[in-house]
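This report refers to the structure that appears directly beneath it.
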Number of protein chains: 2
Amino acid sequence: MTAVTVKQDTASTVQCMKAMSDPTRLLIMKLVQKKAYCVCQFVDMFEMSQPAISQHLRKLKMAGLVREERRGQWRFFSMNDEFGAHDLVLSILNQLDDEDETLRAIQSKETAVSCD
Amino acid sequence: MTAVTVKQDTASTVQCMKAMSDPTRLLIMKLVQKKAYCVCQFVDMFEMSQPAISQHLRKLKMAGLVREERRGQWRFFSMNDEFGAHDLVLSILNQLDDEDETLRAIQSKETAVSCD
DNA sequence: GAATTATATAACCAAAGACTTATATAATGG
DNA sequence: CCATTATATAAGTCTTTGGTTATATAATTC
């Protein structure tokens, strides 16, 4: 297991961190680390309006942290593991407790999507 | 060398990340990782007004990332290594390139303080 | 092709951020 | 004690952010 890390410059580090410095987006990243989710699933899990979720996802996508894939009428989002600061993303997510209350609460609200 | 990491909950992770999600504060953290600096040194290095620097330092201090120490008329700031999310801070700083242009430029402007 | 479902986008708003200038505080040195 | 130096704080401004509601777009189903 090599631990060689791709170093980032100040601007990209800040951009990546800003994208993740929000509870909703941080948890979305934690979730997409495991598998892809569609917008409506996030809407249910975070109990947040569809436009609000959509805008959070747009930020993550614009920053390069996630990737979007269309499946029928759904749009699935997953972690972009080719992202330049991918190592930074991983080390941040790695510091986040998997037993965290907020995370647990959100995961428990996961709903299935027809196309699954 | 143990790599056991103290996990953080969502709220503290976000709080810590927000404190560092600014180029000035990120670089201040990178600097204080090595040694303590006083306010006037940051003012010179970042070519930023004294109140602006003072406010950035207050944010870092309020969030628990740095520690303040008075030496005569100066106030020195250093990394708080007893901070709960200290590991998170370190892994973020570790991802930041030491050869980064912005960092280099700032370091080159370091000035001495009489009391040193 | 009309209704439904999933999503994005636009326009708006309140709160938070990052500065500014002006002023207060506190230690130092004559 | 007074002037100087280092720093903090207050108040104001402008921008960014994270939500809202309303509407547009696009695929699916009947």
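None of the values given here were measured: they were computed from a predicted structure. Order of the sequence lines sets the chain letters (A, B, ...), proteins ahead of strands, with each chain counted from 1.
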Open item on the list: Suppose we call a contact any N or O donor and acceptor under 3.5 Å apart; does that hold for the side chain of A:Gln55 and the base of D:dT20?
Closed with: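 Yes, the side chain and the base share a sub-3.5 Å donor-acceptor pair.
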
TODO: Would you kindly check whether a donor in the side chain of A:Gln50 faces an acceptor in the base of C:dA8, or vice versa, at under 3.5 angstrom?
DONE: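 Indeed, a donor on one side and an acceptor on the other fall under 3.5 Å apart.
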
What's the closest nucleotide to the [X] side chain, out of [options]?
{"X": "A:Arg70", "options": "D:dA27, D:dA22, D:dA8", "value": "D:dA27"}
{"X": "B:Ala52", "options": "C:dT9, C:dC19, D:dT9", "value": "C:dC19"}
{"X": "B:Trp74", "options": "C:dT5, C:dT7, D:dT7", "value": "D:dT7"}

TODO: Determine whether the side chains of A:Ser91 and A:Asn94 contain a donor N or O and an acceptor N or O closer than 3.5 Å.
DONE: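 Checked: A:Ser91/A:Asn94 side chains show no N/O donor-acceptor pair below 3.5 Å.
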
Task: Residue whose nearest DNA chain D nucleotide is more 5′ - A:Met48 or B:Cys38 - done: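 That would be B:Cys38.
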
Open item on the list: Quick one: does any side-chain atom of B:Lys61 pair with a main-chain N or O of B:Glu68 as donor and acceptor, under 3.5 Å?
Closed with: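 Not at all, since once roles are kept as given, no pair shorter than 3.5 Å links the two residues.
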
Between [X] and [N], is there a side-chain N or O to OP1/OP2 distance below 4.0 Å?
{"X": "A:Arg58", "N": "C:dT9", "result": "yes"}
{"X": "B:Ser54", "N": "D:dT7", "result": "no"}
{"X": "B:His56", "N": "C:dC19", "result": "yes"}
{"X": "A:Arg75", "N": "C:dA8", "result": "yes"}
{"X": "A:Arg25", "N": "D:dG18", "result": "yes"}

Open item on the list: Any salt bridge linking A:Arg71 with A:Glu69? Criterion: basic side-chain nitrogen under 4.0 Å from a carboxylate oxygen.
Closed with: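 Salt bridge between A:Arg71 and A:Glu69, a charged N being under 4.0 Å from a carboxylate O: yes.
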
TODO: Identify whether the distance between the nearest side-chain nitrogen and carboxylate oxygen of B:Lys59 and B:Asp22 falls below 4.0 Å.
DONE: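 B:Asp22 and B:Lys59: not salt-bridged.
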
How long is the line joining [atom1] of [X] and [atom2] of [N], in whole Å?
{"X": "A:Gln41", "N": "C:dA6", "atom1": "CD", "atom2": "C1'", "answer": "12 Å"}
{"X": "B:Leu26", "N": "C:dA18", "atom1": "CG", "atom2": "C1'", "answer": "16 Å"}
{"X": "A:Glu68", "N": "D:dA27", "atom1": "CD", "atom2": "P", "answer": "12 Å"}
{"X": "B:Phe42", "N": "D:dT7", "atom1": "CZ", "atom2": "P", "answer": "10 Å"}
{"X": "B:Met62", "N": "D:dA8", "atom1": "CE", "atom2": "C1'", "answer": "12 Å"}
{"X": "B:Gln15", "N": "C:dG17", "atom1": "CD", "atom2": "P", "answer": "11 Å"}
{"X": "B:Lys61", "N": "D:dA8", "atom1": "NZ", "atom2": "C1'", "answer": "11 Å"}
{"X": "B:Glu47", "N": "C:dT20", "atom1": "CD", "atom2": "P", "answer": "12 Å"}

TODO: Drop me the distance from B:Phe42's CZ to B:Arg25's CZ, to the nearest 0.5 angstrom.
DONE: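 Output value for this atom pair is 13.0 Å.
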
Open item on the list: Please report the interatomic distance CD(B:Glu110) to CD(B:Gln41), rounded to the nearest 0.5 Å.
Closed with: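 Reported value, rounded in 0.5 Å steps: 5.5 Å.
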
Open item on the list: Using a 4.0 Å heavy-atom cut-off, does A:Phe77 contact any base of the nucleic acid, only the sugar-phosphate backbone, or nothing at all?
Closed with: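 Since only primed, P, OP1 and OP2 atoms lie under 4.0 Å of A:Phe77, the category is sugar-phosphate.
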
Task: Sugar-phosphate only, base, or nothing, as touched by A:Lys59 at under 4.0 Å among non-hydrogen atoms - done: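 Sugar-phosphate contact only.
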
